[in-house]
Amino acid sequence: MEVVRVIPCLDVKDGRVVKGVSFIDLKDAGDPVELAAAYEEQGADELVFLDISATIEGRTTLYELLRETAAAVFIPLTVGGGITSLSQAAEILHSGADKVSLNSAALLHPSLITEIADRFGSQSVVTAIDAKRVGGTYRVFTHGGTKATEKEVVEWAKEAESRGAGEILLTSMDRDGTKKGFDLDLLRAVTDATNVPVIASGGVGELQHFVDGVVLGHAQGILAASVFHYGEIRIKDVKDTLFSNGLNVRPVESSSRPSYLEAP
């Protein structure tokens with residue numbers, strides 16, 4: 001049975017972690033370095049660090065902040081924001097990231113996915129897809145969710161996989177920050193059409209939503225932000241809930257926390 005990964009997301013703007021609803025009305029949520037260290041201590045399996053204004057502002061990721069964050073943790077770190085070339089991806093990976101996340105640049109230059117995968121391996125390339133329902137279908141949005149494209153989500157996910165992406169980070173813009181749960185129709189459409197791991201993002205508000213994302217949406221990673229940032233849900237409780245529902249999770253390494261065996 002696949003191990004389900006619990007992944008806090010650090011959306012960074014102007015050097016601070018922020019969170020909003022449907023990508024707007026952003027509010028401060030803390031220092032990225034401090035939060036990253038705290039999440040590792042709490043048992044997070046991975047972290048996602050997204051410089052959400054880099055593409056809009058036409059700049060690269062904040063490398064110094066990235067290096068500080070990477071130095072604070074030992075769990076895998078995925079970094080995205082403003083990556084437009086192989087050399088930038090290389091600098092991010094050399095600055096401490098384990099994976100790079102491509103969103104807008106991958107849409108503009110799909111060959112970039114292949115270039116990075118060929119150089120560093122598919123496991124180092126995550127294609128991030130910001131999806132929103134438009135009429136009767138789901139469309140891909142870029143530039144921090146501010147620009148619509150004509151790309152249909154499932155077709156783009158399949159293309160990204162064929163070009164070498166080792167993972168897909170799928171965010172529902174409609175559900176982002178609403179705490180109403182994942183868009184399970186969207187999630188299933190992508191997980192059923194692809195063969196790489198899919199990380200579900202957008203909409204977590206209660207513990208059952210994590211279970212639904214895996215059991216009903218077939219996700220292999222569950223990403224959340226505000227419920228972790230503001231202490232509404234603890235990572236330990238997420239893992240307890242997943243485990244009690246027959247799902248396999250990694251142990252939370254602490255003498256004061258329970259160990260987890262492989263679920264039946």
List the atom of [X], the atom of [Y], and the distance in Å for their closest heavy-atom pair.
{"X": "Leu86", "Y": "Phe120", "result": "CD1-CE1, 4.0 Å"}
{"X": "Ser201", "Y": "Leu169", "result": "CB-CD1, 4.0 Å"}
{"X": "Gly164", "Y": "Ser122", "result": "O-OG, 2.8 Å"}
{"X": "Ala37", "Y": "Val73", "result": "N-CG1, 3.9 Å"}
{"X": "Thr178", "Y": "Arg175", "result": "OG1-O, 2.7 Å"}
{"X": "Val204", "Y": "Leu223", "result": "CG2-O, 4.2 Å"}

Would a 4.5 Å heavy-atom cut-off, applied to side chains only, mark [X] and [Y] as touching?
{"X": "Leu170", "Y": "Ile129", "value": "yes"}
{"X": "Gln220", "Y": "Thr191", "value": "no"}
{"X": "Arg139", "Y": "Lys151", "value": "no"}
{"X": "Arg119", "Y": "Ser124", "value": "no"}
{"X": "Phe49", "Y": "Ile92", "value": "no"}
{"X": "Leu66", "Y": "Leu77", "value": "yes"}
{"X": "Val198", "Y": "His218", "value": "no"}
{"X": "Glu46", "Y": "Tyr39", "value": "no"}

According to a hydrophobic-cluster definition based on side-chain heavy atoms being under 4.5 Å apart (Ile, Leu, Val, Met, Phe, Trp, Tyr only), do Met173 and Val134 belong together?
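As far as the 4.5 Å side-chain criterion goes, Val134 and Met173 are connected within one cluster.
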Hphob cluster co-occupancy, Phe243 + Leu216, side-chain heavy atoms under 4.5 angstrom:
yes
Roughly how far, to the nearest 0.5 Å, is the [atom2] atom of [Y] from the [atom1] atom of [X]?
{"X": "Glu167", "Y": "Ile199", "atom1": "CD", "atom2": "CD1", "answer": "4.0 Å"}
{"X": "Asp98", "Y": "Thr78", "atom1": "CG", "atom2": "OG1", "answer": "7.0 Å"}
{"X": "Glu150", "Y": "Leu107", "atom1": "CD", "atom2": "CG", "answer": "11.5 Å"}
{"X": "Ser226", "Y": "Asp11", "atom1": "OG", "atom2": "CG", "answer": "10.0 Å"}
{"X": "Arg5", "Y": "Leu242", "atom1": "CZ", "atom2": "CG", "answer": "13.0 Å"}
{"X": "Thr171", "Y": "Leu50", "atom1": "OG1", "atom2": "CG", "answer": "8.0 Å"}

Would you check if the side chain of [X] reaches a backbone N or O of [Y] as a donor-acceptor pair within less than 3.5 Å?
{"X": "His229", "Y": "Ala224", "result": "no"}
{"X": "Asp31", "Y": "Val33", "result": "yes"}
{"X": "Asp45", "Y": "Val6", "result": "yes"}
{"X": "Gln42", "Y": "Arg234", "result": "no"}
{"X": "Glu40", "Y": "Phe74", "result": "yes"}
{"X": "Lys147", "Y": "Ser104", "result": "no"}

Side-chain donor-acceptor distances from residues 111-118 under 3.5 Å, at least two apart:
{"from": "Thr114", "atom 1": "OG1", "to": "Arg163", "atom 2": "O", "distance (Å)": "2.7"}

Going through the distances and angles, do Thr149 and Phe141 end up as a side-chain contact (heavy atoms from CB on, under 4.5 Å)?
CA-CA 6 Å; Thr149 75; Phe141 280 64; 6.0 Å; no
Thr241 vs Val238, test: side-chain contact (heavy atoms from CB on, under 4.5 Å). Steps then yes/no.
CA-CA 5 Å; Thr241 301; Val238 175; 5.9 Å; no
By ring pair (Phe, Tyr, Trp, His ring centres under 6.0 Å), Tyr138 pairs with (sequence neighbours left out) none
Verdict with supporting geometry, Val215 and Asn245, side-chain contact (heavy atoms from CB on, under 4.5 Å):
CA-CA 9 Å; Val215 175; Asn245 279 271; 5.6 Å; no
Is Lys158 salt-bridged to Glu155, cutoff N-O under 4.0 Å?
yes
Going by an N to O cut-off under 4.0 Å, is there a salt bridge joining Asp174 and Lys180?
no
Exactly one of His209, Glu206, Glu232 clears side chain to side chain donor-acceptor pair (under 3.5 Å) with Lys179, and that residue is Glu232
Does the pair Val126 and Val100 meet the rule for a side-chain contact (heavy atoms from CB on, under 4.5 Å), with working shown?
CA-CA 6 Å; Val126 178; Val100 293; over 6 Å; no
